[in-house]
Q: 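Here it is, the structure, as structure tokens.
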Amino acid sequence: MTADVAARSSDALAVDSVTKRFGGVTALNAVSLHVARGERRAIIGPNGAGKSTLFAVISGSQRPSAGDIEIGQRRTTGMPAEQVARLGVARTFQMSSLFAENSVLENVMLGTLTAGGQAWNAASSFDRLAPSEHDGRRALASVGLADKADVAAAQLSHGESRQLELAVALAQRPAMLLLDEPLAGLAGPERERVGRLLLDLPRDVTILLIEHDLDFAQNFADRMTVLDNGEVLAEGTPQQVRADPVVQTVYLGTGSAPVRREHARGETLLAVRGLACGYGQALVLEDVSIGVSRGEVVAILGRNGMGKSTLLNALMGFLPLRSGSIELAGTDLAKTPALVRARSGMALVPQGRRMLAGLTVTEELALGARPGPWNIERALALFPRLRERARNESQTLSGGEQQMVAIARALLRNPSLLMMDEPSEGLSPALIKTLEAAISSLRDDGETVLLAEQNVDLALAVADRVYILERGRVVAHEPAAALAANRSRLERSLGL
Amino acid sequence: MLAVLGVIAALVPFALHGYPLYVASEVALYALAAVALDLLAGYAGLVSLGQAAFFGIGAYAAAIVSAHAGPNIALTLAVGFAAAAVFGAVVAPLALRSAGIFFLMITLAFAQLVWATADKWRSLTGGSDGFVIAKVALSDTAFYAVCLGLLVVTLLLLARLLRAPAGRVLDAVRQNEPRARALGLAAFWYKYWAFVVAGGITGLAGVLHAHHRNFASLADLSWTNSVLLLVIVLLGGLRSLWGAVAGAAVFVLLQVWISSITDRWENFLIGAVLVAIVLLTRRGLWSILFPPAAVAAER
Amino acid sequence: MVEVDHMSITRRDFLKAGIAVGAAGLLPQSYARRAMAKDVLKIGVILPASGVYTQLGIDIANGMRLYFDEVHNKAGGREIVLINQDESTDPSVAVSKATKLIESDKVDLLTGIVATPSAYAIRDLVTTAQVPLVVANAGGNALTRSRKSPYIWRAGFTAWQFANPLGTWTANNMSKQVYMIAADYAYGRESAQGFKDAYTAAGGKVIDELYPPLGSPDFSAYIAKIAAAKPDVLFGFLAGTDGTIFLRQFQQFGLSKYVRLAVIGDMVEENTLSQVGDAALGAHSTLHWALLLKTPENTRFVQDYQFRFGGDPSVYSLRGFDAARVIVEALNKLDGDMSNKTNVIEAFTSVKFESPRGPFSFDPVTHNIVQYVYLREAVLTATGVHNKVVSNLGLIRDPG
Amino acid sequence: MLYFLLASGFSLIYGVGRIANLAHGTFYMLGAYVGFTVAHVAHSFWLALVAAPLAGAALGWLVERLLLRRLHGRELDQVLLTVGIAFMLGDIIRAIWGADIRSTLPPASLSALVPIFGIQYPAYHLFVIAVGAVVFAAVQFALRSPLGARVRAVSSDPQIAVSLGVPVQTVRSATFAFSVGLAAFGGAIAGPLIALGPGFDLTMMLYALIVVVVGGLGSVAGALVGAIIVAVVDGFGTLQFPQFATFLIFALMVIVLSFRPQGLLGKRG
């Protein structure tokens, strides 16, 4: 590694043992990274490994706690984001970050202003800014959004937003591109087009790519860097990285799911029929029907933006249904508010854990506790880690601990149905194992769990049955064991 | 469009004279201040509770200049604008460190500081006695023309600015600052200029107000005056220069009308109207007249 | 606007027109008023209906009502019509209200005005419009000195008229050592100055002066400072709530036991006394009137007022009562004809009558009232604490 | 402590409800008037101390239920609404209690003087200080209690709170009612120290703003710190440079905000 750390004149980017802390959490720990001019570098690693933070620090939107950053021989440590951008650095955001009130075209046009030197033009009409409109439309065309030019950004589907993100970045005529999961949530033709677009990007542009789709990352990148828990785990050519056993375990998981017994099902607890809902105009879920029986663990698989979280939120009552029915133990809750659903036995472990600001772990647990088999003692027995954390503010806990709180919090509702939204997100492999154990023990205790996951291994390890969501529809429904036995079919139906 | 507007507005002096004309000028000058605040609160997303500072600075500038150099409105307007803008330029770096409710508070704090200064600096401001200003050598019609002229010019320039790239960037910064900065747009400086310009324009309104009443007083600097301006803008609906104008017109006329029916329940009625409007409209009066686009309404 | 989206042009016209119409909508009223106004006497009354001076506004209005009713709403043979406007606490509001009354309602004359700034603010307006203004309350010296106007008569008082005699009297009868506290606004400082000049001229020595801001919710810091100085006498002028709060804490901190009060009358008027009870007991004050003043005119005034409004009149009621009378007396002299301005000025200036406060007349030069000022003491009576007249300090004429 | 009792409610409701209640000063004044009336009619100051907050809370509950709730999440419109309410309530109060200056008499039991370090202190002032301390402790305790946890949960993430079975709407109404009740209580307590009259509400609103801005918006502890600092600066100012007392306070305000926009104990966001 030492050879890498020494700055090279050909470097477009030199990150020198950069550390970034948020309160107690260390997101980046002495990360060093050198990217040559024109190089394509893929940054991979599990959620929460610090990939996005790395981008934030490079692009100047976050100040590093320690370490140095050079872009094109220019020290940019602590430089405000706009100046970094003016050095020719463009980025896309993991969570699409657009000007929602503006039209798609306006979004890209805003992107062209800096490069076009129009940013301070206070006289001529923006709408009639011919050159930037031209560039803008071209950028849109390249990502295949030409026909959406006049739609308001807020109206775009998840996938389209991702494309627009990319278009905006391209409109900046960047010398260096930071792409944060540009393919996340894209499928079929969209995915094809964007993928091709990325591969066809001019070679003189230096590109850093964060991507979960390993196969894509591999044939895109010249070199790959693996981040885990904020540290560089490995770096090298795709082949080298792929071969690296450590990477194998950490990132790709074991790949082998334990074969599990089908155990006797109780009567149907949750019956969802023809559910449809969405945000604004956009319809996210269409005609979704699923069923969960007592004592069963059902997993919902699907890539980002395919509607998994939306489904759970809709079930919990966070967003109104367009149509469809939700029966819990025979009573239709479709029209009831979240409070009623919570009180009639639904509990949710939300995506991102959503710890409550200013509450201690104890308070979080006590907050919704209802009498029943689950009490604080039993919850702490399940997650001993929480015992010593009891007095800490939940938001200062590590991701894994927060996940435990979120689960315990929900369990103490003594719910008839426990819904978990991406519990593995941002957890280190070790923690995912703990989580797996926890969920299994819940299943063996006869709890009913509806689990939305991206982590196939985890899902297959704990689930009895699996539904696969593809762009808001259920495209497959099989016993977990069957899928585990036939991973290739699974990966196909997941579009990986 | 400009023509139509001009014609109607220009007709006002013939349609009105005496008190109604006086009121028309009043509307125009409050509209000016409201438009400025709308630029700040609406487009830049910087809701200020300190506009009274700029307004008052303008008013006292008018008073002091008139006292020393005679009531020359061109001069007082120039000085008033400059004084208010400079104040804004000095305060902005500190004020812009905060956003949202905190920005509201710090602007309030600065305004109060100005108020306290004016209150103490009797030799300059006449303290609580206020400051009598010699009448400017303008007929009511001419004065109205000045107010209207300034308003129209301001509207023109702002409308142009807001349609220009710089204006769109300002609006973009309000919507999503991190993204804007990632695009290489220096968010701070856009807000800075919005703050300074809005300050200057409010200063102009203050000057006109002072000449209109031939008087400048601490009340011009009082925080309740800031609240009033904010009420006017919210009344008209954020992010619509026309809304701001409408808000000013409605509010001023409302006050005049109410005070002609009662001298006891003015505040009550004004309050009632406020509550009604807030409850009935999503984005102020303007949205009744012109329902905003679905997206805009979403936010 | 050059090219804002064109679809909405028509709407915009509609709105702009709407504004114009709205403004024009004011016309009918004003014309209507003028039409029927041929020979009624229109009096614009500008008094606070909101803000700290509201009660003064109410009392003055009552006083006026009382007198106008006495003369059956007729002055110089003309029917009296009152048009009330809220003075509020913002002088520039007073200006716009005055403008409305003069330009829109076409009033024949104006009266009222509680706050001195309001008076200063509308001075030029009434002078250029040649509309007589009878000031009922505002007491800032300058209004009948440097800023005097041929069209403004002050039927109330000046700061100097109370402060100066009090200064002399305190020096001669209470102590040569005094501590001073006065509200930090123009009138407060004028009062303090007037007192100080006379007091020092009479050989008194001022230990220290305090000027708390208007509307302070708490005076303990000031009181602590006064207590530390242990003065025999405290001069004070704090208006409204400030006065009440101060007197309260003055007693709560036990100063009332060893510090005597020499204050401007308004600070310990009946309305305050009823709130602070014995906190003001023994306070000496100067004012042009006292509820218990034993003159036939005053006895009658108090009785009529009680009969009409079912409560004691305040000094403000009296000021309203006299202001109204000034107008009526002057109009009677003119037989209601206000066309000739010189006659009008002459008529108002020469108004003379026996007021409940004593002989009432104007200083021909300054148009300020010349009146008795009484030295009163707050004493405990059967009906609670009241101001008893200790002595009449004689006719006081503001030096101008 | 007067300042604290004035500001705490305002800070509280902003902290947990994100509502900048510009009618707070008016509610405070209302409390003072109710206290005044009860104290004079029922001849019991203590009864007044109970009646005022109850009346305030009731009114607060109504306002939240009938008006504020419809504007949930529209901070600015809520501000505008509270301004409107302040205007209306101000005139209503004047219509009921008139414009004459009113002032409650302290209960006989508290009108004595207590010597502290040689200085004679009115018992009532000490009483107020004590009450302030108690209220502070009580509020802090309440916030720490399971009930308080629910309140904080609602302000932090209503959705999750609901999913955990917390009745968000009720909690919101209750908190608002409580903050208004607190304002009214502060007013009633202040009765014997202050004098009531038109315009008093604005003065008080301004002081409340200064205090919370200095201390930190949304933090009750901040309100306490702010109140103490403001009181000290005010007192120090009046003693050292009486000319610049007011000036000092606002200068303080500006300085604090310039370096800690969220106020001394405030949290960002």
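Since the structure is predicted, the reported quantities are computational estimates derived from the model, not experimental observations. Residue numbering restarts at 1 for every chain, and letters A, B, ... go by the order of the sequence lines.
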Q: Check each atom of A:A366 against the heavy atoms of chain D and say whether the ones under 4.5 Å are side chain, backbone, both or neither.
A: neither

Q: Fit a plane to each ring of D:Y207 and D:Y3, take the angle between them on a 0 to 90° scale, and name the class: parallel (under 30°), tilted (30 to 60°) or perpendicular (over 60°).
A: parallel

Q: Relative to chain D, which segment of A:R341 carries a heavy atom at a distance below 4.5 Å: side chain, backbone, both, or neither?
A: neither

Q: Using a heavy-atom distance cut-off of less than 4.5 Å, which residues of residues 130-150 of chain D contact chain A?
A: D:R144, D:A149, D:R150

Q: Ignoring hydrogens and geometry beyond distance, is a side-chain donor-acceptor pair present between D:S155 and D:R18 at under 3.5 Å?
A: no

Q: If every non-hydrogen atom of A:N392 is compared with every non-hydrogen atom of A:E388, which pair is closest and at what distance?
A: OD1-O, 4.0 Å

Q: Side-chain donor-acceptor pair under 3.5 Å between A:S309 and A:D421, yes or no?
A: yes

Q: Between the side chains of A:S424 and A:E453, is a donor N or O closer than 3.5 angstrom to an acceptor N or O?
A: yes

Q: Return a table of donor-acceptor pairs under 3.5 angstrom between the side chains of residues 157-167 of chain D and protein atoms on other chains or two or more places apart.
A:
residue : atom : partner : partner atom : Å
D:D157  : OD1  : A:R354  : NH2          : 3.1
D:D157  : OD1  : D:Q159  : N            : 3.2
D:D157  : OD1  : D:I160  : N            : 3.1
D:D157  : OD2  : A:R354  : NE           : 2.8
D:D157  : OD2  : A:R354  : NH2          : 3.2
D:Q159  : OE1  : A:R354  : NH1          : 3.3
D:Q159  : OE1  : A:R354  : NH2          : 2.8
D:S163  : OG   : D:I160  : O            : 2.6

Q: Do A:S394 and A:E364 meet the criterion of a side-chain donor-acceptor pair at a distance under 3.5 Å?
A: yes

